[in-house]
There are 2 protein chains.
Amino acid sequence: MDQGEGAARGRGPDPGAGRPTVRDVAREAGVSLATVDRVLNDRPGVREATARRVGAAMERLGYQRDMAAANLSKRRSYRLVFLLAAGTNSFMHMLREAVEKTASFSSMDRIALQSRLVPPFDGPALAAALDAIDPRDTDGVAVVATDEPEVRDAMGRLAARGIRVLTLVSDAPNSARERFVGIDNVVAGRTAAGLLGRFCPAPGRIAVIMGSALLRDHVERRLGFETVIAREYPHLACLPPIEGRDDADTVARELSAQFAAEPGIVGIYSLGAGNRGIVRALEGRPGGRRLPVVVHELTPHARGALMAGVFDAVINQDAGHEIRSAVRILCALIDGRPTFEPQERISVDIFMRDNLP
Amino acid sequence: MDQGEGAARGRGPDPGAGRPTVRDVAREAGVSLATVDRVLNDRPGVREATARRVGAAMERLGYQRDMAAANLSKRRSYRLVFLLAAGTNSFMHMLREAVEKTASFSSMDRIALQSRLVPPFDGPALAAALDAIDPRDTDGVAVVATDEPEVRDAMGRLAARGIRVLTLVSDAPNSARERFVGIDNVVAGRTAAGLLGRFCPAPGRIAVIMGSALLRDHVERRLGFETVIAREYPHLACLPPIEGRDDADTVARELSAQFAAEPGIVGIYSLGAGNRGIVRALEGRPGGRRLPVVVHELTPHARGALMAGVFDAVINQDAGHEIRSAVRILCALIDGRPTFEPQERISVDIFMRDNLP
DNA sequence: TTATTTTTGAGTAACGTACATCATTTCCGA
DNA sequence: TCGGAAATGATGTACGTTACTCAAAAATAA
């Protein structure tokens, strides 16, 4: 019943052929299958010394556990929950869509994705949503976090319940999250400055539009942007930012007012949402040549404005990448597997009219 | 032995619980397991009508074949070969490295990658390498193709032997390749023009450096670049391209000569390799302010030049993405599975000093 | 109708792992 | 040196699929 030292017969254990299995490890370590299994799934009842022998055997053979078979046997399914912000924000919409699309393809790999919407900018609500997650029906959570104490606490409780958790687009640095998936917003701001600085050769002022000074990403983008402009483009100066509350009407009104008050504006940087307001303000602007404009997030509107030549560049983070990366990382965390880092880096994408996807 | 209509007992067939299996499909279609299997792996010996009934049952149940289990049973391993160009080209180096890194991680999923080097710019050699591929030990091939008749023919023979084949960075449009994985080089050239056009506000000429007028990607990039410059930046004119043969010394010499002959150069676009030559030519240039420079491929040297402020932007295609995408697509082709398109689009990346990875 | 081919059913052993049970061996302290 | 606890072995079943055999049934040809 057991295969002998069989040679190159189709199925034999051909020492060099198929990759090693648990049985090979058992044989190599001189223990039984059961013991290898105990070590592999660190179950109790195996002596330290034996465990080391098994480990050494795995090392020697280059054993790699077959995750597909393991998961098949475990009939494990990775049940992941995405907590996204509700509201009209275009980018959040894109995230939601990316979750859905990814979900339909992931079901092949026994990955079940679920996205839940949480009222935006509402720490207690987010904390409540986190607390409502039941370890019996979910294995991992990705959350678009706000950096507030109650949220951090809730994430701590979640982790304590044995659920792996990572932050998605907006980080909460001192929480129990095991990773952050998203871009470095300081870098994004610096990149915008590098573009706009070069796009604006004549001395003058830059209009800066942000959503809210309370949003961490916006603050970071502004920081990166203003630092680079000040250091590398001394012929430009940033005006005090307009707080547009990510609302097109507010942005249009305030920006128009700034055009009237400040004749020396030579460029526009918008680091939040509400970009339709910029288009309107520019249309209503009296005379003058067109202004270089750099904005964030490649929404359908931003895309249209790029194509129309109203925007010059869009700084983007790829929602699809972020979701897929979050899924892969969560699965790896759940399995206790390492991740393939170069694949998981989310890059700060620059889109212009010509390289639109 | 067979489970009855058992209700919510842990393992029962809970009509709504676990996803449907072949047994469920068989029951639903009123046929046996064997028949479902015959349909699934389109084996002969099943009537048209029966096949349709099974198909309908799968539809109704939303059956999705468990690829992990299937592959486990088949003990299939995806054996893929990458044919890359040998030589000193930095980008090819990066491709090779990406194959190796991906290989080490893919072995977990029973994917075995192998890369083979072929003399560059040598159609017959590439054709020979393609012909040397044995269907008994490889399932799919990704090739950095040159667009030559003998290569196209060899790809046809490869496909005829039942090996799935796709082109990798450089396409061969009318061949038997099932897909092309790479960027649109016309788009890449247009993107470079959009950047350089904006970086050069003053009227003048653009020095253009290409590797060879025989390389398809280079020709396409040049086409895209010159079209956009002519149409959208009339204050700029492209000089006749320098053919640097992807060689730093040649590039340095020819570009220095052009600096001497042409005083009105306001920007540089290099669409091939040999970018170290540009740095040298710029260093040796007499006086004058610094020139905007846009190049292709984020090699270590290009990266250094970006950081030093010598280059302004680099147009890049992510070698890692390309390799991983090729692997995923080949596996999908082999399995006869659909691919997840949004994930497989290779984008034209723009890197500046501030958004370097 | 019979003979023959084609289609279908039923069953079984894999694939590599997980997990449970029970028997057996080894260890350690009294 | 014994008793009990801890460690290990042996074995079986399951996961969802593939792939095979052999027999039974159904369709088709004669």
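Heavy atoms only: backbone and side chains are in, while hydrogens, waters and symmetry mates are out. Because the structure is a prediction, the values reported are computed rather than measured.
- Taken to the nearest 0.5 Å, the OG1 atom of B:T35 stands 10.0 Å off from the CZ atom of B:R47.
- Each of A:L33 and A:P44 was assigned the nucleotide of DNA chain D with the nearest heavy atom; the assignment lying further toward the 5' end belongs to A:P44.
- The nearest heavy atom of DNA chain C to B:R47 and to A:V22 marks one nucleotide each, and the one closer to the 5' end goes with B:R47.
- Picking from C:dC19, C:dC15, C:dT17 the nucleotide with the shortest atom distance to the side chain of A:A69 gives C:dT17.
- Scanning atom types as modelled, no donor and acceptor separated by under 3.5 angstrom connect the side chain of A:R19 and the base of C:dG16.
- With DNA chain C read from its 5' end, the first of the two nearest nucleotides for B:L72 and B:G45 is the one closest to B:G45.
- In this structure, the CZ atom of B:R23 is 11 Å from the P atom of C:dG11, given to the nearest Å.
- Between D:dA19 and B:R43, a contact under 4.0 Å exists linking OP1 or OP2 to a side-chain N or O.
- In this structure, B:R76 places its CZ atom 15 Å from P of D:dT17, rounding to the nearest Å.
- D:dG16 atom P lies 16 Å from atom CG of A:D66, rounded to whole Å.
- Checked against C:dA14, D:dA19, D:dG9, the side chain of B:K74 finds its nearest nucleotide in D:dA19.
- Checking A:Y78 against A:N71 by side-chain atom types alone, a donor-acceptor pair falls below 3.5 Å.
- For the OP1/OP2 pair of C:dG9 and a distance below 4.0 Å, the side-chain nitrogens and oxygens of B:S32 include at least one atom meeting the criterion.
- Looking only at atom types and distance, the side chain of B:T339 has no donor-acceptor partner in the side chain of B:E344 under 3.5 Å away.
- Residue A:T35 places none of its side-chain N or O atoms closer than 4.0 Å to OP1 or OP2 of D:dT8.
- Of the candidates C:dT8, D:dT18, D:dG9, the closest approach to any side-chain atom of B:D37 belongs to D:dT18.
- Side-chain proximity of B:R75 to C:dA14, C:dG9, D:dG9: nearest is C:dA14.
- At a cut-off of 3.5 Å, with distance as the only test, no side-chain donor of B:T102 or B:E100 sits close to an acceptor on the other residue.
- Comparing C:dG9, D:dA19, D:dA14 by their nearest atom to the side chain of B:A34 picks out C:dG9.
- Comparing atom distances between the B:V31 side chain and each of C:dG9, D:dG16, C:dT7 picks out C:dG9 as nearest.
- Near DNA chain D, defined here as any heavy-atom distance below 4.0 Å, there are no residues from residues 51-60 of chain A.
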